[in-house]
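Report on the structure given below.
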Amino acid sequence: MQYIEPAPITDKENPLESMMSRFDAAVKILGISDEMYYILKVPAKQVIVGLPVTLDNGKVEVFEGYRVIHSTILGPGKGGIRFDPHVTLDEVRALAAWMTWKCAVVDIPYGGAKGGIACNPRQMSAGEIERLMRAYTLAMIDIFGQDKDIPAPDMGTGPREMAWLMDEYARAKGMTTQAVVTGKPLVLGGSLGRTEATGRGVMVSALAAMDKLKLNPYRSTAAVQGFGNVGSHAANLLTEKGVKIHGISDISGAYYNSNGIDIQKAMAYRDANGGTLEGFKEAELIGGEELLTLPVDLLVPAAMEDVITKSNASKIQAKLIVEGANGPTSAKADDIINEKGIMVVPDILANAGGVTVSYFEWVQNRIGYKWTLDRINRRCDRSMKDAFSNVFEISQKHNVSLRLAAYILAIDKVATTYKFRGGYG
Ligand code: NAD
């Protein structure tokens, strides 16, 4: 089989390269053939578009946009659209593959995809962003589709952008298709529970792991890095289950209180304070790095990638790490963490509650019906618990970490499905 490798990702601690090294390790354990390796690795479709957009000053700027569908073996492509100045095709490729594995781990009938536009939404007006989003949608009109490829928000985009996407798609096709995109505002067919879904999944998988470690939530403590959508909801829901949150952090710093932090109070403070915890007086200000190494039972990195590295992994005191963020642990830190006997619930399992409720949004749109919050939460919890026990079982069977087990489960599922579907040759 002939295949030309894309340019390598050079940063050795790059999270995307970290993901590929875990993919390779899982493939080795599964004993997958070279042919299947490339079938699973090479994206099914990669689209690059130039998007001329008139800015508010009357000048036209051409933005580059990408959409990569890594796999449609399990179902239509699924994945967010990232607006960020540093977006590259390589990054989008790897994030698309990540989505394939994540959807397979939680057993939802989607392949993996990702989109991105190299732009700085923080320096653009709402009108400029809207024109860019509409231009991107039109350029991808034959790529997107409720049975082909279903976008969603990612960094730099949210419900507002998804509403524009849905509207532009409806104009071009001459009919409204709500299920073409998820993460929409509630009034346009968004789902109840989507906002909290990722944090909720983090809580459910943390409790499942604590049960295996015989940690009683009412006698356990935690530190949570990142106090945005994922981190704050995870902290809040963990508190409801009895866990005492000793440390939280965001871009403004880290905050520690040995008696436990009142998370509802911290969320209200953040919301009234322009979105950050700056000046939060209910806890002592500590260093961001210190938060990761606090003497707590549970650590939830829920801010960004590559924060647990080979230089700080040996100092981590938590018995359990539940990855709310994508790629918070570099591959080089894996060995140190495994040697220390710390259990890690990996990102492709722990933060899959979000894509699970996105799937529920798509299902509701297709049946033209709205489920109650209670039904959504129950179904999401069940799906997260099942995924955790499947991954745990594989980790016992192969005597590997939960991370490797999650990759084994996902890769095996996609490879087996491919064999049933068949191809050329
Ligand atoms: P967000 O923008 O709502 O929140 C990010 C938080 O991290 C903010 O509180 C920010 O201040 C904080 N932060 C930024 N830099 C930091 C630093 N250096 N130290 C400590 N805190 C810092 O984002 P989010 O939606 O909560 O996403 C967080 C992570 O979870 C990302 O890796 C994202 O890819 C991943 N994720 C999110 C979802 C979702 O549904 N939102 C789903 C799956 C994965």
Side-chain angles (χ1 to χ4, degrees), residues 15-16 18-19 78-84 87 91-92 94-95 98-99 101-103 105-106 108 112 114 116 121-122 152-159 162 182-183 190-191 193-203 205 223-237 247-256 263 266-267 269-271 273-278 280 285-292 294 299-309 312 322-329 345-361 380 384:
L16 310 175
S18 287
M19 183 201 61
K78 182 86 191 93
I81 299 168
R82 179 169 286 195
F83 278 14
D84 186 79
V87 163
E91 180 187 48
V92 177
L95 291 167
W98 223 325
M99 287 304 297
W101 313 134
K102 199 181 286 192
C103 293
V105 167
V106 282
I108 54 181
K114 204 82 184 187
R122 283 170 297 278
D154 191 69
M155 261 166 61
T157 61
M162 300 309 112
T182 63
S191 179
R194 175 62 188 91
T195 312
E196 313 83 9
T198 307
R200 188 171 181 89
V202 168
M203 175 275 285
S205 43
V224 180
Q225 182 193 45
F227 207 65
N229 177 282
V230 181
S232 65
H233 287 296
N236 189 38
L237 292 162
I248 54 176
S249 74
D250 73 358
I251 194 75
S252 72
Y255 305 84
Y256 172 74
I263 297 300
M267 286 168 90
Y269 181 87
R270 174 203 63 189
D271 293 344
N273 192 44
T276 85
L277 291 165
E278 186 155 19
F280 183 58
L285 190 63
I286 58 167
E289 188 80 358
E290 209 182 328
L291 179 110
L292 297 172
L294 284 175
L299 175 63
V300 180
M304 55 203 283
E305 70 281 356
D306 226 1
V307 292
I308 300 173
T309 62
N312 62 13
V322 180
E323 296 183 336
N326 283 319
T329 310
V345 185
D347 45 13
I348 58 171
L349 168 61
N351 69 35
V355 74
T356 301
V357 175
S358 281
Y359 164 58
F360 294 162
E361 177 176 337
C380 184
M384 291 301 296

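In listed order, ligands and their atoms are each counted from 1. Everything numeric in this text was worked out from a predicted model, so none of it was measured.
With Tyr269 as the partner, the ring-ring contact (aromatic ring centres under 6.0 Å, His included) test is satisfied by one option alone out of Phe280, Phe227, Tyr255: Phe280. When each of Val345, Val224, Val300 is paired with Val202, the side-chain contact (heavy atoms from CB on, under 4.5 Å) condition holds for Val300 and for no other.
Side-chain atoms of Gln225 do not come within 3.5 Å of backbone N or O of Pro301 as any donor-acceptor pair. No donor-acceptor pair under 3.5 Å is formed between the side chain of Asn236 and the backbone N or O of Ile263. No donor-acceptor distance shorter than 3.5 angstrom exists from the side chain of Asp84 to the backbone of Gly156, with no hydrogens or angles considered.
Using a 4.5 Å cut-off on side-chain heavy atoms (C-beta onward), Val92 and Arg82 make no contact.
Sorted by chain then number, the residues whose non-hydrogen atoms approach ligand 1 to under 4.0 Å are Arg194, Thr198, Gln225, Gly226, Phe227, Gly228, Asn229, Val230, Ser249, Asp250, Ile251, Ala302, Ala303, Met304, Gly324, Ala325, Asn326, Asn351.
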